[in-house]
Structure formats: C-alpha cells, structure tokens
Amino acid sequence: MAKPRKITGLKPEQNYRTNARIILPQKVEEVYSWEQFIQDPERREELHNMRISIKRLRYTMEFFAVNYDTHFDDFLTTIIDLQDILGDIHDSDVVLEVLMNYKIGVQSTELPGVDTLITRTQDTRNTDYDRFLKKWQQLSEAGFKQKLLEIIAS
C-alpha cells in the first residue's frame, strides 16, 4: 500500500482555512500521481493505491468541509463515488486471487463451480473497471481537477 506523501508548507500556528489550502491540493496531487496507470486493467496494485489516495483525500476533504460552501460537497460526493468504484474493483481482485489460489491448491481440472465464480467475478471486475474509466474520463473532460483546486483556493 502506498504511503501518504509528506505535507509540505504546513505550519500549525496558521488558521484552519490556510491549512486547508495547503493540505488539500497536495492530497489532490497524490491522487493524480496514479493517473498514469489507470489505462492498464492489470495494474491492480496501482489502482488500489489510487483508491487509498482517494480515501485520504476524501477524509481530508470531510475534515475541512466546514470551510467551504455546498458546492464543495458536490466534489466530495464525486470523490466518494470514485472510492466506492475502486473499492469494488479491489474486492473483485481479492476474490479472484483467493479463487485462483484455491484452484492451484486443489490441483483439479474439474472445478465447474469455482470456474463459474471466477468468470462471474472477472465479468463484475471488468464492468466496474469500465465504469471507473468512463467516470474518470468524464471528470477529466469536465475539468474536475482544476475546478476542485479552484474551490480549495477560494
């Protein structure tokens, strides 16, 4: 799991709003540092790390939400949705790993129930992955990152 990046420029004596303007953009950049890997569905670890970074951003946004108007909440809702989709992908990855390890351990070519479950789980993962990519592309085209950074800075 990716370790959180160190926050730079933070001074405890600064007010709450100033600290939000320092911390939140760095959390946004941490999320986007994983963007280079999302076009490859086999980059399971990187997708999971992106989910963890999104989770950190989410909790930081929730902590500082009192500084912002309700429009900020719309961005937070989107972040939560991304975290949920990536969580579903990760859940499928874990299930697939367990099932594949089971097949290897049993050493049987005849496991129709397990094979069916593997196929269904892979199909679910593919659907969730496609849903994530589509949402990410829509957000990119709408300038989500820049708009979020503008709200944070206001």
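By the rule that hydrophobic residues join a cluster once side-chain heavy atoms approach within less than 4.5 Å of another member, L86 and L133 end up as members of one cluster. I22 and L148 end up in the same hydrophobic cluster when Ile, Leu, Val, Met, Phe, Trp and Tyr side chains are linked at under 4.5 Å. In this structure, M100 is a member of the same hydrophobic cluster as V95, with clusters built from ILVMFWY side-chain heavy atoms closer than 4.5 Å. L96 and I85 sit in two unconnected hydrophobic clusters of ILVMFWY residues. Membership requires side-chain heavy atoms under 4.5 Å apart, directly or through other members. In the hydrophobic cluster analysis, where Ile, Leu, Val, Met, Phe, Trp and Tyr join through side-chain heavy atoms closer than 4.5 angstrom, L76 is grouped together with L149.
Between Y32 and W136, the ring center distance clears the sub-6.0 Å criterion. The aromatic ring centres of Y59 and F64 sit 6.0 Å or more apart.
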Would you please test N126 and Q122 for side chain to side chain contact (heavy atoms under 4.5 Å, CB included) and show each step?
CA-CA 6 Å; N126 291 342; Q122 187 63 55; 3.0 Å; yes
Worked check of side chain to side chain contact (heavy atoms under 4.5 Å, CB included) between I38 and F132:
CA-CA 9 Å; I38 67 171; F132 169 73; 3.9 Å; yes
Check against side chain to side chain contact (heavy atoms under 4.5 Å, CB included), T77 and F72:
CA-CA 9 Å; T77 299; F72 184 81; over 6 Å; no
Candidate pair E29 and K145, rule salt bridge (charged side-chain N to carboxylate O under 4.0 Å, His left out), full reasoning
CA-CA 9 Å; E29 291 306 324; K145 178 184 177 186; 3.2 Å; yes
What do the steps show when you test E62 against I80 for side chain to side chain contact (heavy atoms under 4.5 Å, CB included), and what is the final call?
CA-CA 10 Å; E62 289 174 342; I80 292 169; 4.1 Å; yes
Check the pair T78, D81 against side chain to side chain donor-acceptor pair (under 3.5 Å), reporting the backbone distance first and the verdict last.
CA-CA 5 Å; T78 300; D81 190 37; over 6 Å; no
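For the atom pair D128 CG and H90 NE2, the distance stands at 13.0 Å (nearest 0.5 Å). We find the CG-CD distance between N49 and E30 to be 9.5 Å, quoted to the nearest 0.5 Å. In this structure, CZ in R131 is found 9.0 Å from NZ in K135, a value given to the nearest 0.5 Å. To the nearest 0.5 Å, the span separating CD on E46 from CD on Q36 amounts to 8.5 Å. Rounding to the nearest 0.5 Å gives a distance of 15.0 Å between NZ of K55 and CG of L82. To the nearest 0.5 Å, atom CG of residue D93 and atom CG of residue L47 are 7.5 Å apart.
Enclosure of atom CD in E45 is not indicated, since only 12 or fewer non-hydrogen atoms of other residues, nucleotides or ligands lie within 6.0 angstrom.
At least one cation-pi condition fails for K147 and F75: the charged atom is not both under 6.0 angstrom from the six-membered ring centre and inside a 45 degree cone around its axis. R17 forms a cation-pi arrangement with Y68, by the criterion of a distance under 6.0 Å to the ring centre and an angle within 45° of the ring axis. Because its NZ or CZ atom is both nearer than 6.0 Å to the ring centre of Y129 and within 45° of the ring axis, R125 counts as a cation-pi partner of that residue.
Between E42 and R44 there is a salt bridge, since a side-chain N of the basic residue sits under 4.0 Å from a carboxylate O of the acidic one.
In this structure, T121 and S92 approach most closely via the heavy-atom pair CG2-O, 3.7 Å. Smallest separation of non-hydrogen atoms from A20 and I152: O-CG2, 4.1 Å.
Here the options are I23, L57, I54, the test is side chain to side chain contact (heavy atoms under 4.5 Å, CB included), and the partner is V28; only L57 passes.
One N or O on the side chain of Q26 and one on the backbone of T8 form a donor-acceptor pair closer than 3.5 Å. Proximity of a side-chain donor or acceptor of S154 to a complementary backbone N or O of I151 within less than 3.5 Å is detected.
A 4.5 Å side-chain heavy-atom check between I52 and H48 finds at least one atom pair inside the cut-off. With contacts defined as side-chain heavy-atom distances shorter than 4.5 Å, the pair R21/N67 does not qualify.
In summary, the side chains of S33 and R5 do present a donor paired with an acceptor at a separation below 3.5 Å, with no hydrogens or angles considered. No hydrogens or angles considered: nothing links the side chains of D73 and T70 as a donor-acceptor pair under 3.5 Å.
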